[in-house]
Amino acid sequence: MKLKTYLSSLVVVVSCAISGHVVAADAAPTGNIQNAKDKISMCVGCHGIPGYKASFPELYHVPMIAGQNAKYIEAALNEYKKGARSHPTMDAIAGSLSDQDIADLAAYYSNLK
């Protein structure tokens with residue numbers, strides 16, 4: 001009887017542990033500002049220049065992203081990555097980013113003033 005109770009308890013504990021790992025794997029990554037510092041070089045060339053206008057594929061004003069809401073930055077990058085938004089440069093850059101990269105960049109830029 002004790003063995004049956006022990007095994008039943010063990011099954012419950014293992015099931016909870018497995019469930020916890022599945023939930024954790026589905027959770028969105030947390031942005032890391034320090035890690036983003038190695039990733040911003042692809043952004044700063046356009047988004048870090050006040051009043052910058054790009055000429056490809058047409059002349060347009062490049063938005064400043066410093067201080068922008070992190071969720072907005074994440075959403076925008078994910079939309080470029082998935083093709084819901086389109087711009088040749090942003091499509092290529094966003095397509096190369098992992099979910100962790102996006103979270104890191106969003107954390108970094110949302111904390112700038």
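The residues of the chain are indexed from 1 along the displayed sequence.
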Could you walk me through whether Leu105 and Cys43 pass side-chain contact (heavy atoms from CB on, under 4.5 Å), step by step? CA-CA 9 Å; Leu105 290 168; Cys43 310; 4.2 Å; yes

Pair Arg85-Asp91, side-chain contact (heavy atoms from CB on, under 4.5 Å): steps then yes or no: CA-CA 8 Å; Arg85 286 190 186 194; Asp91 295 345; 5.8 Å; no

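Heavy-atom contacts from other residues, nucleotides or ligands closer than 6.0 Å to OH of Tyr72 number 12 or fewer.
Of the listed residues (Val44, Asn69, Asp104), just one forms a side-chain contact (heavy atoms from CB on, under 4.5 Å) with Tyr109, and that residue is Val44.
With rounding to the nearest 0.5 angstrom, the NZ atom of Lys39 is 5.5 Å from the OG atom of Ser98. Here the NZ-SG distance, from Lys53 to Cys46, works out to 14.5 Å after rounding to the nearest 0.5 Å. Here the straight-line distance linking atom NE2 of His61 with atom CE of Met64 works out to 8.0 Å at 0.5 Å rounding.
Nearest heavy-atom pair across Tyr108 and Ala36 is CB-CB, 3.5 Å. Pairing each heavy atom of Pro29 with each of Ala103, the nearest pair is O-CB, 3.7 Å. Residues Ala70 and Ala106 approach most closely at O-CB, 3.4 Å, considering heavy atoms. For the pair Ala94 and Tyr80, the tightest heavy-atom approach, listed with the atom from each and the gap, is CB-CB, 3.6 Å.
Residues Met42 and Ile102 share a single hydrophobic cluster, defined by chaining ILVMFWY side chains whose heavy atoms lie under 4.5 Å apart. Hydrophobic clustering (side-chain heavy atoms under 4.5 Å, transitive across Ile, Leu, Val, Met, Phe, Trp, Tyr) groups Ile73 together with Leu97.
Separation of the His87 and Tyr60 ring centroids falls under the 6.0 Å cut-off.
Ser86 places no side-chain N or O within donor-acceptor distance of the main-chain N or O of Gly83, the cut-off being under 3.5 Å. Of the possible polar contacts, none joining the His47 side chain to the Val62 backbone as a donor-acceptor pair under 3.5 Å is found.
Asp101 has no carboxylate O lying under 4.0 Å from a charged side-chain N of Lys81, or vice versa, which leaves the two without a salt bridge.
Asn78 and Glu74 share no donor-acceptor pair across their side chains, judged by distance under 3.5 Å alone.
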